[in-house]
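Down below is the structure, laid out as structure tokens.
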Amino acid sequence: MSIRYYGYNKCGTCRKAKKWLDENDIAYEDIAIVDAPPAKEELRTYWQQSGLELKKFFNTSGQSYRELGLKDKLKDMSEDDMLDLLASDGKLIKRPLIVGAGKVTVGFKEDDMAKQWT
């Protein structure tokens, strides 16, 4: 199984997720989400595979999210506009984003990780 791990090295949650993957001997491709965010169509696929609301893909505690005032704007945005925004700035994407074999996890919750990746 080919897994892509989109994370940010300075993020504590990302470090916990990476440690979990390593401890469970799960191989992954490590991608710096800020330098190489997923493209719009990749994000669309990940979102559809996840079964989550698109809003769940936003890093609501991030500086970019606050600076753009997205808390109030997202409810009026189209899915296309949200995907454009996510693809334009890796800091807007909730991390880590882990994808592979039709599975997707957003953020790090050990129970979710175990269900999806073991």
Side-chain angles (χ1 to χ4, degrees):
M1 171 169 33
S2 177
I3 295 175
R4 289 180 163 187
Y5 164 93
Y6 291 93
Y8 182 57
N9 286 337
K10 295 179 183 175
C11 168
T13 304
C14 292
R15 288 193 300 268
K16 286 180 196 172
K18 230 178 187 179
K19 182 180 179 192
W20 187 92
L21 288 168
D22 292 339
E23 287 174 349
N24 287 277
D25 294 320
I26 298 169
Y28 55 92
E29 178 185 358
D30 191 352
I31 302 167
I33 199 164
V34 174
D35 300 332
K40 178 181 179 178
E41 291 310 313
E42 287 176 298
L43 284 164
R44 184 185 309 278
T45 300
Y46 301 157
W47 162 53
Q48 290 170 341
Q49 289 173 341
S50 75
L52 298 170
E53 287 181 74
L54 187 52
K55 289 188 272 188
K56 298 286 186 188
F57 277 73
F58 281 86
N59 176 13
T60 57
S61 60
Q63 185 176 353
S64 294
Y65 184 88
R66 289 191 308 268
E67 285 175 357
L68 293 170
L70 293 178
K71 180 181 179 186
D72 299 320
K73 294 179 183 175
L74 281 183
K75 62 182 173 275
D76 298 322
M77 290 178 83
S78 71
E79 291 168 353
D80 256 6
D81 289 343
M82 285 191 246
L83 289 164
D84 282 334
L85 205 51
L86 287 167
S88 74
D89 183 353
K91 288 186 178 179
L92 285 174
I93 302 170
K94 185 172 178 92
R95 54 189 185 254
L97 172 62
I98 306 171
V99 299
K103 302 178 201 175
V104 178
T105 52
V106 181
F108 175 70
K109 289 186 181 151
E110 197 165 333
D111 291 348
D112 292 346
M113 294 284 285
K115 263 190 254 174
Q116 292 291 340
W117 306 113
T118 55

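Note that these values count all heavy atoms, side chains included, but never hydrogens, waters or copies made by symmetry.
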Would the distance check show the side chain of Tyr6 and the main-chain N or O of Ala36 forming a donor-acceptor pair, the cut-off being under 3.5 Å? no
Same apolar cluster: Leu52 and Leu86, side chain cutoff 4.5 Å: yes
Is there a side chain to side chain donor-acceptor pair (under 3.5 Å) between Tyr28 and Asp22 once you walk through the steps? CA-CA 9 Å; Tyr28 55 92; Asp22 292 339; 2.9 Å; yes
Report, as yes or no, whether the 6.0 Å neighbourhood of atom CD on Gln63 holds more than 12 heavy atoms from other residues, nucleotides or ligands. no
Would the distance check show the side chain of Arg4 and the main-chain N or O of Gly100 forming a donor-acceptor pair, the cut-off being under 3.5 Å? no
Which pair of non-hydrogen atoms, one from Pro38 and one from Tyr46, has the smallest distance, and what is that distance? CB-CE1, 4.0 Å
Check the pair Val99, Thr45 against side chain to side chain contact (heavy atoms under 4.5 Å, CB included), reporting the backbone distance first and the verdict last. CA-CA 10 Å; Val99 299; Thr45 300; over 6 Å; no
Any chance CG of Asp112 has more than 12 other-residue heavy atoms, nucleotides or ligands included, within less than 6.0 Å? yes
Same cluster or not: Trp47 versus Phe58, using hydrophobic residues (I, L, V, M, F, W, Y) connected whenever any side-chain heavy atoms lie under 4.5 Å apart? yes
Lys40 atom NZ, neighbour heavy-atom count above 12 within 6.0 Å: yes
Residue pair Met77, Leu85: steps toward the side chain to side chain contact (heavy atoms under 4.5 Å, CB included) verdict: CA-CA 10 Å; Met77 290 178 83; Leu85 205 51; 3.7 Å; yes
Shortest non-hydrogen contact between Arg66 and Ser61, atoms and distance: NH1-O, 2.6 Å
For Pro96 against Cys14, the heavy-atom pair lying closest together: N-SG, 3.9 Å
Verify side chain to side chain donor-acceptor pair (under 3.5 Å) between Ser64 and Asp89, making sure each step is shown before the conclusion. CA-CA 8 Å; Ser64 294; Asp89 183 353; 2.9 Å; yes
